[in-house]
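Sequence lines set the chain letters: A, B, ... in the order given, protein chains first and strands last, and positions in each chain run from 1.
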Amino acid sequence: MLSGYAKSGCIKEARELFHAVKDRNFNVVSWTIMIGMLSDAGCLSEALSLFQKMQYLGIAPDCVTILKVLSLCTDSNASVLALQIHTRIIKSAFGCNLTILNTLIDAYCKCGLTELAFAVFEEIEQRDSVTYNALLSGYFKEGNYLNAFALFKHMLKTCTCPTDFTFSSILNSATGLADPGVGAQLHCQIIKSNFTWDVYINNSLLDFYSKINYVHHTRKLFDEMLAKDHVSYNVMISSYSRNGLAKQALELFQEMQLLSIDHKDYPYPSLLSVAGSLSNRDLGKQIHARVVLLGMASSNLTSNGLINMYSTCGYLSCADLIFRQYTDKSTTSWTAFITGCVQNGLYEEALKLFGEMRKTGLDPDTSTFCIVLKACSSLALISLGEQLHSCILRSGYLSSVFAGSSLVDTYAKCGLLEYAKKMFDEMIEKNIVSWNALICAYAQNGKGKKAIEMFERMVTLGLKPESVSFLSVLNACSHSGLVEEGLNYFNSMTSIYNITPRKDHYACIIYMLGRVGRFDKVEQLLDQIPFEPDPIIWSSILNSCKIHGNYELGKIAADKLFCLEPKDAGHFVIMSNIYAKNGKWDEVARIKKLMRDRGIKKEPAYSWVEINRQVHMFSSNDMKHSRIVEIKAYLDELSVEMEKEGYKADVTSDLHLVGDETKVKSLRYHSERLAIAFAFLSTENGIIRVMKNLRTCDDCHVAIKVMSKVVGREIVVRDSSRFHHFKDGVCSCGDYW
DNA sequence: TTAGGGTTAG
């Protein structure tokens with residue numbers, strides 16, 4: 001009767017029958033059937049306790065029972081049971097049963113005990129492919145890809161024939177290694193072994209090409225596959241999503257639906273990522289509605305995808321709602337929402353959330369550390385960066401190429417170039433992103449030649465520069481006036497590396513040319529750009545026109561910007577500066593009126609400095625700081641010394657219609673000078689590091705140079721575009737910025 | 001008795 005219930009899946013009736021009859025009246029077959037039924041129904045703990053009861057009653061399990069129970073050992077909680085069964089196997093005749101020993105290896109691997117699995121492996125004299133396959137899969141799951149390959153070689157050496165399972169497993173380890181050469185060799189072996197028909201193997205191969213971002217190879221294989229299943233489609237969609245090919249991902253999803261391929265919930269996180277990358281909230285909402293209808297909205301991955309999609313589309317309140325309602329938050333959920341805050345510029349909020357997450361007892365992973373470091377570097381919080389560095393070290397993530405690259409970037413953005421270089425040198429594994437971070441660090445700190453040197457070294461080492469690498473090296477050339485080098489790199493993007501320059505590359509090269517006054521070349525490039533110039537490009541032109549007083553071209557750029565970004569005060573201010581430099585005061589007044597009429601207000605400038613792990617924020621002509629009277633008095637005193645060194649306030653840079661004396665005071669109390677003065681008063685020695693939200697003005701640049709000489713301290717200022725290192729009256733930018 | 005796919009981070 002019990003086997004009848006088992007065949008028809010009537011677990012309730014089987015359970016009632018089993019409890020109604022006295023335990024001892026059942027034989028080992030009945031116990032095994034009941035254990036099997038419970039495990040098939042997902043009642044693992046009930047199945048395991050039944051097995052323990054069976055042992056307590058002295059009923060000896062047979063081969064089928066052992067195999068059934070071993071298959072239940074799938075996590076670390078069941079490892080004790082696996083050990084108990086192992087002991088029983090050793091004492092019994094099962095010690096010679098290869099099927100049982102193979103299953104034991106598999107059970108140990110699933111419990112994360114690969115060392116014990118290997119011990120069993122070594123005890124077996126006559127191993128078969130399954131023995132190897134089970135251990136190969138274990139090594140992959142624990143991320144021990146090198147051990148997997150050593151075992152694979154051993155398998156071939158001992159003439160154990162690789163099967164479809166073998167190739168599928170070893171391909172997963174190849175994906176883990178992300179080594180194109182290794183994958184290509186395996187691909188050849190698969191063709192030679194006539195396994196090209198196998199959908200499992202092809203899906204693993206597809207995943208390999210997808211994860212190493214060989215999109216064309218992935219698509220080619222996908223098209224050549226004789227049989228495809230839902231996994232093939234999911235891998236292809238995620239590949240498109242990861243590589244920013246939104247259109248292709250959506251088309252494939254439509255094809256999947258037309259062909260009625262069962263897609264379960266797998267493609268939705270990728271599709272949400274696509275909607276996020278397109279900033280297409282309507283598409284995101286459609287996907288959201290779909291997952292709600294399918295009852296999948298509460299799944300961990302889908303919820304995280306939704307949080308990410310809404311925050312990337314700028315709807316942080318929707319992301320917040322989903323995040324707060326979500327009860328089973330994981331590290332990834334927190335990371336997704338923290339990422340949302342950082343993407344929307346809410347750095348303090350992101351750091352607060354990180355603190356909340358720690359309080360829940362969840363451990364951050366490399367992704368969490370990377371995004372929190374980004375928040376930290378955006379605020380240039382040096383001491384927090386150092387604390388995070390030690391947290392990463394303690395968590396064992398310091399060897400991660402992601403965490404290491406983030407730390408290089410953070411130290412560089414906090415102005416600690418030496419620390420950034422040291423971090424880079426100590427990284428065990430370096431990839432293109434690590435090199436990009438280092439090149440960018442030198443570029444931002446005005447070390448153009450060093451940035452170029454690093455770029456060349458990277459190329460010599462065989463790394464192929466990517467779009468971001470060129471952006472960094474072009475920035476370096478631009479900040480250091482290395483025009484010919486910059487042009488060469490720009491041209492090499494298409495001629496050597498087959499990389500199409502993006503708008504930001506054009507903006508960079510245009511600024512570089514404009515900065516040295518090569519407006520003929522700027523206008524020539526403007527005609528060549530294969531797209532409509534965007535505000536970044538026009539504002540690059542406007543900035544260089546300001547430096548050279550080119551008001552004809554400046555006016556064209558400004559008119560474009562007034563239409564494209566009518567609310568951005570920065571453009572109006574720069575244009576009025578250009579008019580002021582050319583003595584066109586009527587135009588200055590016209591712009592001021594335009595700003596008034598349109599209700600445009602200049603973004604308030606503020607600077608901050610960290611003293612004793614506390615951040616002190618200053619606005620221009622600050623009135624709020626508790627020591628502001630003392631700070632201003634100090635600057636008044638200092639100005640006497642500064643004037644002796646030749647400093648004279650440039651009153652023409654202040655466009656307010658007030659007297660010169662008021663202008664001098666207004667310049668003297670600019671936010672960065674208040675922050676520097678506060679640092680002088682609060683510390684006796686050491687480098688002063690000040691951050692500013694906007695670009696520092698010409699007069700402050702002159703003043704801070706003189707300050708560094710008069711006070712005899714080194715001052716580092718990070719403004720919105722780069723670093724200035726002031727020492728002994730000189731700035732590292734060589735007044736070229 | 002052994003195998004696969006999705007989100008977030010630089």
Which nucleotide, B:dT7, B:dA9, B:dT2, lies nearest any side-chain atom of A:Ser367? B:dA9
Take the protein atom NZ of A:Lys374 and the nucleotide atom P of B:dT8, then report the distance between them rounded to whole Å. 13 Å
Taking CG from A:Leu362 and C1' from B:dT8, how many angstroms apart are they, rounded to a whole number? 14 Å
May I ask you to decide if the ring planes of A:Tyr145 and A:Phe140 are parallel, tilted or perpendicular, using 30° and 60° as cut-offs? tilted
Please check the phosphate of B:dA3 (OP1 and OP2 only) for any side-chain N or O of A:Lys110 closer than 4.0 Å. yes
Please pick, from B:dT1, B:dG6, B:dT8, the nucleotide with the shortest atom-to-atom distance to any side-chain atom of A:Asp128. B:dT1
Between A:Arg324 and A:Glu356, is there a side-chain N and carboxylate O pair less than 4.0 Å apart? yes
Contact under 4.0 Å: A:Lys211 side-chain N or O vs B:dG6 OP1/OP2: yes
Shortest side-chain distance from A:Ser238, nucleotide among B:dG6, B:dT1, B:dA3: B:dG6
Rounded to whole angstrom units, what separation is found between the OH atom of A:Tyr139 and the C1' atom of B:dT2? 15 Å
From the candidates B:dT7, B:dT1, B:dG4, the one with an atom nearest any side-chain atom of A:Val231 is B:dG4
Rounding to a whole Å, what distance do you find between A:Asn304:CG and B:dT7:P? 11 Å
Lys/Arg cation over aromatic A:Tyr315: A:Arg281, 6.0 Å, 45° cone: yes
Just jot down the salt bridge (charged side-chain N to carboxylate O under 4.0 Å, His left out) partners of A:Lys211, sequence neighbours excluded, or say none. A:Asp207
Without decimals, in angstroms, what is the distance between A:Phe94 CZ and B:dT1 P? 15 Å
Kindly assign one of parallel, tilted or perpendicular to the pair A:Tyr214 and A:Tyr209, based on the angle between their ring planes and the thresholds 30° and 60°. parallel
Who pairs with A:Arg394 by salt bridge (charged side-chain N to carboxylate O under 4.0 Å, His left out), at least two apart in sequence or on another chain? none
B:dG6 base / A:Tyr268 side chain donor-acceptor hit below 3.5 Å: no
Touch check for A:Thr103, heavy atoms < 4.0 angstrom, all strands: base, sugar-phosphate only, or nothing? sugar-phosphate
Candidates B:dT1, B:dA3, B:dG6 - which lies nearest the side chain of A:Ser270: B:dG6
Any A:Gln343 side-chain N or O less than 4.0 Å from OP1/OP2 of B:dA9: yes
Please identify each residue that fulfils side chain to side chain donor-acceptor pair (under 3.5 Å) with A:Asn172, with sequence neighbours left out. none
Compare the minimum distances between each of B:dT7, B:dT8, B:dG4 and the side chain of A:Asp229, then state the nucleotide with the smallest one. B:dG4
Within residues 245-252 of chain A, find the residues that approach DNA chain B with a heavy atom at under 4.0 Å, and present them sorted by residue number. none
May I ask you to say what A:Thr332 touches in the nucleic acid, namely base, sugar-phosphate or nothing, with a heavy-atom cut-off under 4.0 Å? base
Nearest listed nucleotide, side chain of A:Tyr266, among B:dT8, B:dT1, B:dG6: B:dG6
Report the nucleotide, chosen from B:dG4, B:dA3, B:dG6, that has the shortest atom-to-atom distance to any side-chain atom of A:Ser204. B:dG4
Picking from B:dG4, B:dT7, B:dT2, the nucleotide nearest the side-chain atoms of A:Val130 would be B:dT2
Can you check the A:Phe208 CZ to B:dG4 P distance for me, whole Å? 17 Å
Rounding to a whole Å, what distance do you find between A:Leu98:CG and B:dT2:C1'? 11 Å
Distance-only check: which donor-acceptor pairs under 3.5 Å involve side-chain atoms of residues 400-411 of chain A, not counting sequence neighbours?
from	atom 1	to	atom 2	distance (Å)
A:Ser400	OG	A:Phe402	N	3.1
A:Ser400	OG	A:Ala403	N	3.1
A:Ser405	OG	A:Val401	O	2.6
A:Ser405	OG	A:Ser434	OG	3.1
A:Ser406	OG	A:Phe402	O	3.1
A:Asp409	OD1	A:Lys413	NZ	2.7
A:Asp409	OD2	A:Lys413	NZ	3.2
A:Thr410	OG1	A:Ser406	O	2.7
A:Tyr411	OH	A:His389	ND1	2.7

Measure from the side-chain heavy atoms of A:Thr366 and tell me the nearest of B:dT1, B:dT7, B:dA9. B:dA9
Quick one: side chains of residues 118-129 of chain A, donor-acceptor pairs under 3.5 Å with protein atoms, not counting sequence neighbours, listed by atom name and distance.
from	atom 1	to	atom 2	distance (Å)
A:Arg127	NE	A:Phe121	O	2.9
A:Arg127	NE	A:Ile124	O	3.4
A:Arg127	NH2	A:Phe121	O	3.3
A:Asp128	OD1	A:Asn102	ND2	3.1
A:Asp128	OD1	A:Val130	N	3.2
A:Asp128	OD1	A:Thr131	N	3.0
A:Asp128	OD1	A:Thr131	OG1	2.7
A:Ser129	OG	A:Cys161	O	3.1

Please report the distance, rounded to the nearest Å, between CZ in A:Phe323 and C1' in B:dT7. 14 Å
Taking only N and O in the side chain of A:Thr166, is any of them less than 4.0 Å away from OP1 or OP2 of B:dA3? no
Output yes if the stacking criterion (under 5.5 Å between centres, under 30° between planes) is met for A:Tyr200 over the base of B:dA3, else no. yes
